Amino acid sequence: MEVQHTVPAYSMLASKLRLPRGSSTETSLAGVTAAALFAAAGAGGGGRDKTTEALNESSYAHASDAMPRAATQLRAAGVAANRGAAVRTSGARRSVSSGGSSCGVNGVTPTSSFGNGMRGTGAVKTCMPMRASVGMPSVGHRMRGSTSDALCEPDQGLSERVKVLVRVRPAVSQTERGGGRCVDVSGPARLVLHRVDAPVPVSEFGFDTVLPPTCSQCDVFNAAVKDVVDDTLQGYNGTIMAYGQTGAGKTYTLGNTEPDAIGMIPRAVAEIFMQAKLDPLHSYHVTMSYIQIYMEMIQDLLCPENDNLQLREDASNGVHLPGVKEVAVSSLAECLHHLELGDRNRIFAFTHLNAHSSRSHAVVLLTVVKSRRLLTHAEKEAVQLAEKEGVVTHKVKVGKLYLVDLAGSERLKKSRSVGVRASEAISINKSLSTLGMCISARAADGSHVPFRDSKLTRLLQESLGGNAKTTLVVCVADTQLHAEETLQSLTFGSRAMCVRNRPVINERVDVVTLDDELIGRLEGERSRADAGGGDGRSDGGGAFLQLESEHAQLAAQLAEERERHEAVVERLRAEAAAETAEAQASLEQSEASLGEVRGLMSEQASALASLAVERDELLASNRALAQTHLTQVSELSSRVQALLAQHASMAAARHAEEAVTAALREDAATLRVQLEAAVAERDVALSQRDAARADAAEAAAAAARLGG
Ligand code: ADP
Ligand code: MG
C-alpha cells in the first residue's frame with residue numbers, strides 16, 4: 001500500500017475542519033516492523049540517515065491483542081495481508097503511566113518497571129503530614145492515594161485532565177555530581193525532593209508518571225507521546241510540551257537526533273508514518289510547520305523572512321498563524337530535513353539576535369489529514385463488515401500535534417544575566433509566568449484566563465483547557481545545585497495536572513470520496529446491466545436500489561453533519577457574542593476609566609500651566625535680581641580694584657618709608673656708636689682732667705705745706 005500524500009482538497013478542508021463531533025468508533029492499525037516504512041524513506045543528510053537507520057533497526061512489536069477481530073475480517077477479505085488492526089472506542093481512557101501494550105521505536109519498557117533510582121524514603125514518608133485538600137501539591141505535603149485520584153478528578157465524559165510526566169535527568173558534570181543528588185523516585189508516579197538547608201527539606205509529589213534518571217527515550221515515548229500521536233491520527237489535537245530550567249533536558253527529550261537517543265519529535269513523526277503505512281483504508285496528508293517565539297516575536301524557522309508572524313483567531317480556524325510556512329512531508333527523512341533546516345535558521349537567527357537555543361520557545365506543528373482512500377467496489381464489499389463496526393468511516397479527520405520545547409525557566413538572579421540576556425530572561429520569564437498564571441486560572445476554573453498576555457499562551461490556548469489532549473513533560477536535574485529550580489518545575493507540573501481539556505475529534509463527512517465511489521459503482525452497474533440483458537437488469541435494479549439507499553444514507557449523514565455544523569456555528573456565534581459583550585463591557589469600563597484619567601490629566605495640565613506661569617514670573621524676577629546683583633558686583637569689583645591699586649601704592653610708599661627708616665636706623669646706630677666712642681673718649685679725657693686736677697691740687701697742697 002502506498003501512502004497518498006497529495007490531496008489538495010484536504011489542505012483546504014484542513015483549515016476548515018475544526019468541528020467538534022461526539023464520540024465515535026476509532027481505528028488504529030499497527031503490527032509490522034518499522035523497516036517496511038523506512039525502506040521508502042527519501043534521501044537525507046548523514047545525521048538524518050543515521051537517525052532513520054536507528055529507527056529502522058528498531059522493532060515495532062505493536063500490540064495486536066486488542067484488535068484481532070477487525071484484522072481477521074480485513075485479512076479474510078484479502079484487503080491487507082500481514083497487517084494488524086484495532087478497534088478502539090474514543091471514550092476509552094488511556095493510561096499514560098502503565099507503559100501500555102504498545103511500544104515506541106526502540107522496543108518495550110513498561111513504566112511500571114521503573115524503580116527507585118536512589119536512597120530509600122521510608123522515614124521521610126512517615127514524617128510528612130497528609131494533605132487534606134486535593135489539587136495543587138505544595139512543598140512538604142504528601143499526596144493522597146494514587147496520583148491521578150489524589151490530585152484531580154478522574155477523566156469524565158468529554159473532558160480529560162492534562163497528563164504530566166516528570167523526567168529526571170542524571171547529573172551530567174563533575175560539579176553537578178559533587179553537589180549531591182536531590183530527587184528520589186519513590187514509585188512509577190511519585191518522587192521525593194530533598195533540599196539541603198531548606199526550611200522544608202523534604203517534599204513529596206505525585207504525577208501521572210515519574211521516570212528516573214536511568215530511563216530511555218523510548219520509555220518517555222511510551223509513557224508520554226505514543227498515546228497522543230495515536231489520538232492525533234484519530235483526529236484529536238495533541239500537545240506535548242517540555243518544561244524545565246535551562247539544561248534540564250527539554251531539547252534532549254524532544255529534539256535530539258543522535259541515533260542512540262532519538263528524541264520525541266522524530267519518534268512521533270516515525271510513528272505517524274508507520275501507522276499511515278499500515279493503514280490500507282485511509283490516505284494521510286501530513287504537513288509541518290516549525291516556529292520559534294523569541295522575545296514575543298514569532299519567527300518562521302522554515303521561512304526566515306517571516307520573522308514577525310501575527311496570531312489571529314476566527315471561528316473556523318481558532319487561533320492560527322496566517323502566513324506560516326506549512327510544508328507537506330511524506331517521510332521521516334523529509335521531516336528530519338525540514339527540522340535540520342529550521343534548526344539552521346534558528347542558529348542564524350540566534351547569531352543575528354545574539355541569542356542561543358534555550359532563549360526561545362520552539363514549536364513544531366504536525367497536521368495530519370486522514371481520509372478514506374478511494375476503494376474499488378471489490379474492496380468496498382470486502383471491508384463492509386469492518387465498516388459496519390465503525391473501523392472504516394466516511395470521515396475526513398484532521399489532527400494537529402504541537403511539540404513544544406519551552407525556553408528555560410531560569411532565575412535572573414542566579415543566571416546573573418545583564419543587557420540583552422537580561423531582557424531575554426525577563427521576556428522568557430514573563431511568557432512562562434503567564435503560562436503558569438493561565439494554568440492556575442484554568443486549574444481553578446477561573447473565568448478570566450490571561451492567554452492574551454503572551455504569544456506563547458495565545459498559541460497554546462487550545463492545549464490548556466480547550467480542544468486538545470495535552471501531555472506536559474517536566475524535565476528536572478537530579479542535583480542539589482538546582483534543587484530550588486526543581487521544586488519550582490515540580491510545583492508547576494502539579495498545578496498543570498488540574499487543568500481539564502475538552503478534546504473532540506475534528507472530522508467531517510468525506511463527501512467527495514463517497515460520491516466518487518457511488519458514481520463508480522453506478523457506472524459499473526450500468527455497464528453490467530448493458531452487457532447482461534434481462535437478468536442483468538434485475539441485478540442492476542437491485543444495485544440501483546442499494547445505491548439509492550446509500551444515497552439516502554449519505555443524504556441523512558449530510559443532514560446530520562449540517563445540523564452538527566449549524567449547532568457548532570451557533571455555539572461559536574453565542575461564544576463570540578458573549579465574548580463581544582464581555583469585550584464591550586470591558587471597553588466601556590476602560591472608556592470610563594479613560595474618561596477619569598482624561599479628567600485627571602486635564603486638571604493636571606491646568607495645574608501645570610499655572611505652575612508654568614508662576615515659574616516664568618519667578619524666572620523674570622530672578623533675572624532682574626540677577627541683573628541688579630551683577631551691576632552691584634561689577635561696581636564692587638571696580639571699587640575693590642581701586643582699593644587694591646590704592647593699597648598697592650600705599651604698600652609701595654610704606655615699603656619706601658621702611659627703607660628710609662632702615663637707612664635712618666642704620667645711620668642712627670652708626671652715630672650712636674660714634675657718640676658712644678666720643679662719650680668714652682670724653683669720659684677718659686674727663687677722668688684724665690680730674691686726675692690732673694687732683695694731681696695739681698695735691699701738688700698745690702704740698703707746695704702750700706712746704707711754703708707754710
Ligand atoms: P534544555 O533544553 O532543558 O536547556 P538540554 O536538552 O540542552 O537542556 O540538555 C542539557 C545537557 O544535558 C545536554 O548536554 C544534554 O545532552 C544533557 N542531557 C539532558 N538530558 C539528559 C539525559 N536524560 N541523559 C543524559 N544527558 C542528558
Ligand atoms: Mg533547550
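Since we're looking at a predicted model, the values are computed, not measured. Order of listing sets the numbers, starting from 1, for every ligand and every atom in it.
Of the polar atoms of Val172, none of the N or O atoms is found under 3.5 Å from an N or O of ligand 1, judged by distance alone. Considering both main-chain and side-chain atoms, Tyr252 comes within under 3.5 Å of ligand 1 through a nitrogen or oxygen pair. For ligand 1, the polar-atom distance check against Lys250 finds a nitrogen or oxygen pair separated by under 3.5 Å. Note: an N/O pair closer than 3.5 Å links Gly249 and ligand 1 by distance alone. Inclusion of Thr251 in the set of residues having an N or O under 3.5 Å from an N or O of ligand 1 is warranted.
Thr486 and Ser489 form no side-chain donor-acceptor contact under 3.5 Å, judged by distance and modelled atom types alone. Side-chain N/O atoms of Gln488 and Glu484 include no donor and acceptor closer than 3.5 Å.
Remark: ligand 1 atoms within the under-4.0 Å shell around heavy atoms of Gln245 are 3 (O). Which parts of ligand 1 touch Pro170 is read off a 4.0 Å heavy-atom cut-off, strictly below it: atoms 22 (C), 23 (N), 24 (N).
Distance alone, capped at 3.5 Å, places no donor-acceptor pair between the Thr287 side chain and the Ala328 backbone.
Residue contacts with ligand 1 include Ala248, since one of its heavy atoms falls under 4.0 Å from the ligand. Proximity of Gly247 to ligand 1 is established by a heavy-atom distance of less than 4.0 Å.
In this structure, the side chains of Tyr284 and Val369 stay at 4.5 Å or more apart for every pair of heavy atoms.
Using a 4.0 Å cut-off between a side-chain N of Lys or Arg and a carboxylate O of Asp or Glu, Asp405 and Lys250 do not qualify as a salt bridge.
Within 6.0 Å of CG on Asp197 lie no more than 12 heavy atoms contributed by other residues, nucleotides or ligands.
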Before giving the answer on side-chain contact (heavy atoms from CB on, under 4.5 Å), spell out for Leu435 and Phe492 the whole-Å C-alpha distance, their side-chain angles and the decisive distance to 0.1 Å. CA-CA 10 Å; Leu435 179 65; Phe492 181 90; 3.6 Å; yes
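Look at Tyr252 and the Mg ion (ligand 2): no N/O/S atom of the residue is under 2.8 Å from the metal.
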